[in-house]
Amino acid sequence: MSLLSRPGTPLASVTSRSYSSLSSVTPSPSISNTSSNASNKAENVLVTVRCRPLTKLELLGQAQVAFDVDDEMRKVSVAASYVESKGRTNIPEYFYDEVVTGSDNKDLYERSVQDLVRSTMEGFNGTVFAYGQTASGKTFVSTYGIDEQPGVIPQAVDDVFTYIREAPNREFLLRVSYLEIYNETIRDLLAPEVQDLRIHEDKKRGVYVSPQKEEIVTTPKQVMKIIQKGEANRHVSTTDYNLHSSRSHTIFQLVVESRERGTSGIGSPLRLSRTPGIKKDHGGSVRISQLNLIDLAGSEKAATALDRRKEGAYINKSLLTLGTVISKLTEDRSSGHIPYRDSKLTRILQSSLSGNARISVICTMSPSALAMEESHNTLKFAARVKKVVTRAGTNAIMDDKALLQKYRVEIAELKTKLMHTNEVVGNEKDKELSKLKAERQKHEEEMMEMQLVRTALKERIEHLTKLILTSQSITSKSILDWSPAVSNNRRSVIVGVPLGLGDLTKEKEKDDAIKKLTAMLHAKEEDVKDLSAKLEQVATTDDDTPVEEQLKSHKRQSVIFTDQDRQELNRLRQTNFELQMTVEEQAAKLVKLREEVEAEFRLQYRPFDQTPEYMDTRHVIEEQRDLIADMEEQAKNYKSTITELRNVIRKNELAQFEKAEKNAMGSGIGVDGRKNGIIDLATGGLVAHVKELEALLEKERRQRQEEQNRNTERIASLEAELTITKALPFYVFALLAVFAVILAWVIHWAL
Ligand SMILES: Nc1ncnc2c1ncn2[C@@H]1O[C@H](COP(=O)(O)OP(=O)(O)OP(=O)(O)O)[C@@H](O)[C@H]1O
């Protein structure tokens, strides 16, 4: 609700006002017009009285409520019961712009602060401060609420960003600072280590503190973090009246710079409005304004603790000066000196208090009868401050005070410089630089890739070597399994390979060497396993040392493996796996081939004694031998027949002789003549028959002998072939071995 529509305050002698009457709340292109129209109009400080509920402590002490609060009527009055208890009849009443009770900080913000914050976004300076005795609720109003009721500062910050979000035609730059005045010393809550902060004044900037840390902010969260950081550095102590009493005044300052979007403004003159003193927001001019959110330390009675008493003295002194300054401001200005310099607080607030800011004061009070005196003072202060008139106007500036402008100018200058540099030397240098960068990146990538490939290849080579050795050993075993025969045709296949029976020793040596190599490879395989385990273990570490170096020094356990590296490694492992599969397939093929060859050997080179040729020859030899045996038997028979015949012949001869001798003795014929004639007649036929048989036997024997000789020669020749053929398995073995080695090398180089 606009305050203009409300009844005026009896205490206020000048027109009360609301900030909404000064400027349109809606951020729009009309901002600059509205602002300038409203600029420099005399306005009173907006005064709000917040009367908090009784605290637990006060309730425990059965504190009497001494004030009645009527927020509808915006009236605070001393409770009738209290007046009566004091034996009085006059009930004092106070009226203000806003009177609130309870704990609703949101409502308080919307009533008393929101318009001021929004007008700050439109270029007017704004100051909000909470004033009241200690433990009256100033910090509650300013910073912390309860039940998720943030105080004025967080709500203002949020509102600033909401405003920016809703103003598409303007661009903003925000800077924040957070100061503390403790025992009359200025401290920077954002840089507490910085000493000797001093107050300066010049025509352009007015009153300001230096050196002061300002942080450019871009999000509400960032601002809240800064506030929290500052709060952590603030002086807070337990006092007789408050567990967490603020022992210092704090000034949270937000500087807002803004300009219309799409206007560079560089070099364009600052145009002033026709009304003297009012600057119009034309073209690229930058509006700059300050929002000061002040949490004052509480005025208090003398404390018991020495430190607190000292602090209290300073606090009271500065608050007293504030009161004096405000009193003077409400008097006729020409009447005299205004003692801003009497305290750091009034000095820092000088610009705002002297008129160039809209001011909203929230006076906090306790309703307790025990705090009657302080509350009364607060109400009187509130009434006094209500009379202060300010004439805030927008500040449109073009000089380097505005960071927004400065940054824009700097960006434009840099762009020009860049363009210029690009034209003159930039192209060449840029090219060179990007080439170098690209080369370096490429080199790094190559190094990484090489390392990964090396590891993968090593594994693969070891595996391949292992496979080859395995296949070698299988071959040699299978050779021992069978003893193939051989033919001259087969021998011709391996002409030129210097292997033979004598090469068996060399084969043995080779076998030994292969075994040695296998042992070595097994050892290497173990190393690789260890390394892989280490790599797995440290694969997630974020070490910046180049991989190459890390791998070189085995002492190091950390290896960087980015996700990309790991993918690459996995890809290589996959390739490696596929290669292994290929090699195994090849090895299987080799085994199959060897089996086929062996089968062929078995088929073509059956054992010699099983070949038909051998069998036939053997058969013939057997037959010949049988025949010879028969013939020899026959010859024996012939011989015995001949002997028998000869015996018969001799018997016959003797018988004939004896007969002739008897006749001769009787006839007188000589014995010898007769005897010879008879023998010749009797044996002549038999002898001829014997001779005939003997000739036949001799002929037969010669024929058999010749045939036997021929067969024996043939067997000898076949046996000689058999001896030579026995070497063939070794030729075959050598052929397979050479084939396997060639295959392995071909796969290795192909990858
Ligand atoms: N409107 C409120 N509703 C509920 N509790 C409140 C309210 N205002 C203040 N309090 C409580 O009163 C106590 C004192 O408040 P706070 O610390 O804000 O006082 P202060 O004026 O900042 O005191 P000091 O000047 O000593 O720092 C706190 O416990 C606070 O929670």
Side-chain angles (χ1 to χ4, degrees), residues 48-61 63 65 67 69 71 76 98-113 128-155 180-183 189 227 230-252 293-305 307-320 322 345 361-368 370-371 373-375 377-379 381-382:
T48 304
V49 170
R50 148 70 78 80
C51 183
R52 69 160 167 78
L54 287 174
T55 60
K56 278 180 193 163
L57 213 67
E58 287 166 337
L59 285 170
L60 275 174
V65 173
F67 292 94
V69 178
D71 55 351
V76 182
E98 293 291 346
V99 171
V100 292
T101 186
S103 310
D104 190 346
N105 275 346
K106 191 166 181 285
D107 178 56
L108 173 70
Y109 174 79
E110 283 169 2
R111 285 189 191 200
S112 310
V113 186
V128 180
F129 59 85
Y131 178 96
Q133 73 166 106
T134 184
S136 59
K138 296 182 296 296
T139 306
F140 188 96
V141 162
S142 310
T143 320
Y144 313 107
I146 50 169
D147 301 333
E148 296 178 358
Q149 286 280 328
V152 163
I153 295 178
Q155 288 190 76
E180 175 188 61
I181 304 169
Y182 176 69
N183 289 356
L189 290 176
I227 291 171
E231 284 296 312
N233 291 324
R234 187 179 181 181
H235 281 89
V236 175
S237 306
T238 298
T239 64
D240 297 346
Y241 310 97
N242 192 354
L243 272 177
H244 302 281
S245 180
S246 311
R247 310 309 293 159
S248 60
H249 310 301
T250 58
I251 301 163
F252 176 77
L293 301 171
I294 299 162
D295 181 14
L296 297 177
S299 58
E300 60 187 46
K301 295 174 193 166
T304 44
D307 281 353
R308 301 292 85 82
R309 271 214 300 280
K310 189 182 163 199
E311 285 166 358
Y314 279 117
I315 292 165
N316 287 345
K317 186 187 166 228
S318 60
L319 290 175
L320 190 69
L322 179 66
L345 176 68
V361 177
I362 299 166
C363 294
T364 55
M365 59 175 280
S366 159
S368 166
L370 295 172
E373 194 187 332
E374 290 81 9
S375 298
N377 286 339
T378 301
L379 290 171
F381 175 85

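In this chain, numbering begins with 1 at the start of the sequence shown. Both ligands and their constituent atoms are indexed starting at 1 by order of listing.
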What orientation do F129 and F381 show, parallel under 30°, tilted 30 to 60°, or perpendicular over 60°?
-> tilted
Would you say [X] touches ligand 1, if touching means a heavy atom closer than 4.0 Å?
X	result
S136	yes
T55	yes
S142	no

Nitrogen or oxygen atoms of [X] and ligand 1 under 3.5 Å apart:
X	result
T364	no
F140	yes
A135	yes
A297	no

Proximity of Q133 to ligand 1 by residue part, where a heavy atom lies under 4.0 Å | backbone
Taking non-hydrogen atoms only, is A130 closer than 4.0 angstrom to ligand 1 via side chain, backbone, both or neither?
-> neither
Donor-acceptor side-chain pairing of S366 and E58 below 3.5 angstrom = yes
Are a donor atom and an acceptor atom from the side chains of E180 and S248 found within less than 3.5 Å of each other?
-> yes
Does the side chain of I227 reach to within under 4.5 Å of the side chain of I153, using non-hydrogen atoms?
-> yes
Going by the atom numbers of ligand 1, which of them fall below 4.0 Å from some non-hydrogen atom of R50?
-> 1 (N)
Partners meeting salt bridge (Lys or Arg N to Asp or Glu O under 4.0 Å) with D104 (sequence neighbours left out) = none
Check side chain to side chain contact (heavy atoms under 4.5 Å, CB included) between A130 and all other residues, then give those that pass, not counting sequence neighbours.
-> K138, S142
With rounding to the nearest 0.5 Å, note down the distance linking CD in E374 to CG in L379.
-> 11.5 Å
